[in-house]
Amino acid sequence: MLKIYNTIARDKQVFTPIVAGKVSMYVCGMTVYDYCHLGHARVMVVFDMVNRWLRTSGYDVTYVRNITDIDDKIIKRANENNETIAQLTQRFIDAMDEDSAKLGVIRPDIEPKATEFVGGMLSMIATLIDKGFAYSASNGDVYYAVNNFEGYGKLSGKSLDDLRAGERVEVDTHKKDPMDFVLWKAAKPNEPSWDSPWGKGRPGWHIECSAMSSHHLGQQFDIHGGGQDLQFPHHENEIAQSEAAHSHDGKPCQMVNYWMHNGFVRVDDEKMSKSLGNFFTIRTVLEKYDAEVVRFFILRAHYRSPLNYSDQHLDDAKQALTRLYTSLRGLPIPDAAIDWEQPQAASFKAAMDDDFNTPEAFAVLFDLANELNKTRSLDTAALLRGLAGIVGLLQREPNSYLQSSPALEVVSGNTFDVDALIVLRNEAKKAKNFAEADRIRKELAEVGIVLEDSSQGTIWRRA
RNA sequence: GGCGCGAUAGCAAAGCGGUUAUGCCGCGGCCUGCAAAGCCGUUUAGACCAGUUCGACUCUGGUUCGCGCCUCCA
């Protein structure tokens, strides 16, 4: 029985889908004006894990993750680069796809782009005006009237009074209430724009997600996810828009049943973000670390906990993953369906069902590795690989992981003939010339290659 | 200022009102020509102060510290 921590309830709740056997899930994706950083990687990997576990649990999942391809930063960046908006966004969409594929992320079923849904946004805005939840201002903007939506603040736990008291932005005189937010922005000179009943302009950020989620998943859907920082105002505003627009006879239509928010990636205990400038892009990290190590690093912490990034932590994750792959090395592992009655499989399932407790599930993986190291049982190996596969890990040939690393490629190039040196060393060993044997081993160690002698012969791995 | 989250061993990170989390590192042993890997064993915990309880890391209250949101942000 799956339980999910529902942000809006501030509690773990038993997951019951709207339609038995089916799950509709929407996750706020990226604004594509730059390369993705590790914070984005966490969203992609975490909800990929959620998607995989739901499917493993037998649900027919429709997973939507949007792409924001029009916004201030995109316009600004395109101008700076002297390229069109379409060129810029496509470039970074391609980069994002490349990064996420490396991280083992299964593509969402639907990846709608904001610019392809302007029509839907316009009709939603019109509906909101009709129902009295929005108004067009004299400056050509259209605003949402937060006062008219009774539940405003229910997701983030904020009250309008508190929000107004903490208001740090100068009051825009075009707004009726300082907390009103923009649905449609009047076009400024040299900006891309769409025609609308309120003049040329472009959509605000929040309305994009309301329009795209309802188009693909309906007025009410099961799970909505995103980073913790989107809780307010983005998701709060989505609720206000969608529930007001879809209201019947004045009664709001509940938009989402389960709100999920993943924790931040931090650097030195501070949130990793563009504005702080303390971010590491995925591709930078992948120059040094295997993508599977990064995935393992992200999933070994609970998705709601903060996750500190540092080389030391990545090194730690690398060692741990090495232990797992080492246990599988050299075994002809059969493909076998997972027997969920099996105690370890049951523990794994219990952990995953408890709000996707991957750290606890991973502990089961290490138990299996320990057992496997003792027994060399192919059943155990199959179970370990099978369970890990559910969260997108351990699917490679062990040596593909153990004998490769971005760092090793840089150091050794393709010129190092490890096998030949192993042969030489074994001849030296046979002749009891241990000084020579150790010299060869040391030479390899210096380029990051570790030799291991066993009854099966000598094998190597990267350090 | 308002709202919220957190504080677990050298590092990372979970569960749990009483019984080994787990990984990395360290230490001892086995194995090995020596190593490595592996196995066995092992040292380090629960910020602080009260309370509830037969018993609290786990529940309650308070204190201190850290983080996040309140502005674009995954």
Side-chain angles (χ1 to χ4, degrees), chain A residues 7 10 27-31 33 36-47 65 68 71-73 153 156-159 161-170 179 181 205 225-234 236 261-266 269-276 279 296-297 300-302 304-308 310 312-324 326-327 329 347 350-351 354 357-367 369-370 372-374 376 402 428-429 432-435 437-438 441-442 445 450-455 458-461 463:
Chain A
T7 307
R10 271 149 244 281
V27 171
C28 289
M30 265 46 81
T31 301
Y33 70 101
C36 292
H37 59 62
L38 239 33
H40 302 117
R42 193 174 191 191
V43 181
M44 295 194 278
V45 169
V46 159
F47 287 100
R65 192 185 63 202
T68 295
D71 106 317
D72 291 348
K73 285 170 182 165
S156 56
K158 298 176 189 303
S159 75
D161 286 343
D162 292 342
L163 285 165
R164 288 186 196 108
E167 185 66 37
R168 287 195 239 153
V169 177
E170 280 197 26
M179 292 318 298
F181 58 90
W205 177 38
Q228 248 163 20
D229 46 1
L230 298 188
Q231 226 173 102
F232 189 91
H234 186 53
E236 195 69 65
H261 292 96
N262 66 276
F264 297 130
V265 176
R266 296 182 186 176
D269 286 319
E270 273 191 327
K271 177 183 171 183
M272 179 184 289
S273 71
K274 289 273 188 185
S275 38
L276 284 170
F279 62 92
F296 180 89
F297 166 71
R300 81 198 293 227
H302 186 83
R304 283 189 282 116
S305 300
L307 178 62
N308 264 309
S310 74
Q312 193 213 111
H313 297 154
L314 265 293
D315 287 336
D316 188 304
K318 182 175 102 175
Q319 289 305 102
L321 188 57
T322 297
R323 175 173 168 79
L324 258 20
T326 300
S327 74
R329 184 169 52 177
S347 299
D354 183 15
N357 192 333
T358 49
E360 206 181 319
F362 280 24
V364 175
L365 264 25
F366 285 97
D367 284 347
N370 178 254
L372 181 56
N373 283 330
K374 287 188 271 190
R376 307 307 287 158
L402 294 168
K429 276 175 67 182
K432 304 274 185 201
N433 185 353
F434 295 123
D438 290 351
R441 187 167 63 195
K442 196 176 166 211
V450 179
L451 296 187
E452 297 178 6
D453 295 329
S454 77
S455 51
T458 302
I459 48 180
W460 68 273
R461 65 179 169 85

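For the numbers below, each heavy atom of this structure counts, side chains included, while hydrogens, waters and symmetry mates do not. Residue numbers start from 1 in every chain, and the chains themselves are labelled A, B, ... in the order their sequence lines are given, proteins ahead of strands.
Heavy atoms of A/V265 sit under 4.0 angstrom from at least one base atom. Within the nucleic acid shown, A/G157 comes within 4.0 Å of sugar-phosphate atoms alone, with no base atom in reach, counting heavy atoms only. If you check every strand for non-hydrogen atoms under 4.0 Å, A/L451 touches a base. Counting any heavy atom pair closer than 4.0 Å across all strands shown, A/K73 reaches a base atom. Across all strands shown, A/G263 has heavy atoms under 4.0 Å from base atoms, whether or not it also approaches the sugar-phosphate. Using a 4.0 Å heavy-atom distance criterion, A/M272 is classed as a base contact.
Between the A/R164 side chain and the A/M179 main chain, no donor and acceptor come within less than 3.5 Å of each other. At distances below 3.5 Å, at least one donor-acceptor pair connects side-chain atoms of A/N357 with backbone N or O atoms of A/E360. A donor-acceptor pair under 3.5 Å links the side-chain atoms of A/R376 to the main chain of A/S327, judged by distance alone. Remark: the backbone N or O of A/A350 is not paired with any side-chain donor or acceptor of A/D354 at under 3.5 angstrom. A/N308 places a side-chain N or O within 3.5 Å of a backbone atom of A/D269 that can act as its donor or acceptor partner.
Within 3.5 Å, a donor on the side chain of A/K158 pairs with an acceptor on the base of B/rC69, or the reverse. For A/R304 against B/rC5, no side-chain N or O and base N or O form a donor-acceptor pair under 3.5 Å. For A/N357 and B/rG15, a side-chain-to-base donor-acceptor distance below 3.5 Å is absent, hydrogens and geometry of angles not being considered. Between the base of B/rG66 and the side chain of A/D269 there is no donor-acceptor pair shorter than 3.5 Å. The base of B/rA35 lies close enough to the side chain of A/R441 for a donor and an acceptor atom to sit less than 3.5 Å apart.
Separation of the P atoms belonging to B/rU43 and B/rU52 is 34 Å when rounded to the nearest angstrom. Here, B/rG23 and B/rG18 have their P atoms 22 Å apart, quoted to the whole Å. Nucleotides B/rG6 and B/rA47 have their P atoms positioned 14 Å apart, rounded to a whole Å. Here the separation of B/rG68 from B/rA13, taken at their P atoms, is 16 Å to the nearest Å. When the C1' atom is used for both B/rC16 and B/rC59, the distance is 13 Å, rounded to whole Å. Comparing the same atom, C1', in B/rG51 and in B/rG2 gives a spacing of 30 Å after rounding to whole Å. Nucleotides B/rU22 and B/rG1 are separated by 42 Å at their C1' atoms, to the nearest Å. Comparing the same atom, P, in B/rA37 and in B/rC24 gives a spacing of 10 Å after rounding to whole Å.
In this structure, A/L307 and A/R300 have side chains that are not in contact, with every pair of non-hydrogen atoms separated by 4.5 Å or more. Using a 4.5 Å heavy-atom threshold, the side chains of A/I459 and A/R329 count as touching.
Partners of A/F181 according to the ring-ring contact (aromatic ring centres under 6.0 Å, His included) rule, which considers only residues two or more places apart in sequence or in another chain, are A/Y144, A/H206.
Regarding contacts with the backbone of B/rC69, a side-chain N or O of A/K271 is found under 4.0 angstrom from either OP1 or OP2.
For the residue pair A/S310 and A/H313, a side-chain donor N or O sits within less than 3.5 Å of a side-chain acceptor on the partner.
Remark: P of B/rC70 and NE2 of A/H234 are 13 Å apart, rounded to the nearest angstrom. To the nearest angstrom, C1' of B/rC11 lies 17 Å from NZ of A/K318. Following rounding to the nearest Å, A/F434 (CZ) and B/rA35 (P) show an atom-to-atom distance of 12 Å. Look at CZ on A/R266: it is 11 Å from P on B/rA12, rounded to the nearest Å. For A/K432 and B/rG33, the NZ to P distance is 8 Å, given to the nearest whole Å. Across the protein-nucleic acid pair, A/L402 atom CG and B/rA36 atom C1' stand 13 Å apart, rounded to whole Å. For the pair A/F264 CZ and B/rC67 C1', the computed distance is 10 Å after rounding to whole Å. The distance from atom CG of A/L307 to atom P of B/rG6 is 17 Å, rounded to the nearest whole Å.
Of the residues near RNA chain B, A/S275 and A/V364, the one whose nearest nucleotide (by heavy atom distance) lies more toward the 5' end is A/V364. For the pair A/D354 and A/H313, both in contact range of RNA chain B, the more 5′-proximal nearest nucleotide belongs to A/H313.
When the nucleotides B/rA14, B/rA12, B/rG33 are ranked by their closest atom to the side chain of A/R300, B/rA12 comes out on top. Among the nucleotides B/rA14, B/rU22, B/rA74, the one closest to any side-chain atom of A/A363 is B/rU22. Nearest to the side chain of A/H37, among B/rA13, B/rG23, B/rA74, sits B/rA74. Out of B/rC11, B/rA74, B/rC70, the shortest distance to the side chain of A/F232 is found at B/rC70. You'll find that the side chain of A/A301 is closest to B/rA13, out of B/rG33, B/rC69, B/rA13. Distance from the side chain of A/P233 is smallest for B/rC70 among the nucleotides B/rU22, B/rA36, B/rC70. In this structure, the nucleotide among B/rA21, B/rA14, B/rG2 sitting nearest to the side chain of A/S305 is B/rA14. If you check B/rA74, B/rC70, B/rG33 against the side chain of A/D438, the one that comes closest is B/rG33. Proximity note for A/A320 (side chain, C-beta onward) versus B/rG23, B/rA13, B/rA74: the nearest is B/rG23.
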Grab the N/O contacts between the protein and nucleotides 37-39 of chain B below 3.5 Å, and write none if there aren't any.
unit_1 : atom_1 : unit_2 : atom_2 : d
B/rA37 : O4'    : A/E452 : OE2    : 3.3
B/rG38 : O3'    : A/N373 : ND2    : 3.0
B/rC39 : OP1    : A/R323 : NH2    : 3.4
B/rC39 : OP1    : A/N370 : ND2    : 2.8
B/rC39 : OP1    : A/N373 : ND2    : 3.2
B/rC39 : OP2    : A/R323 : NH1    : 3.3

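The shortest non-hydrogen separation linking A/K429 to A/F434 is O-CE2, 4.0 Å.
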Subject >> Nucleotide pairing, RNA chain B (Watson-Crick or G-U, distances under 3.5 Å), in dot-bracket with [ ] and | >> reply: (((((((..(((.....[...))).(((((.......)))))....(((((..]....))))))))))))....
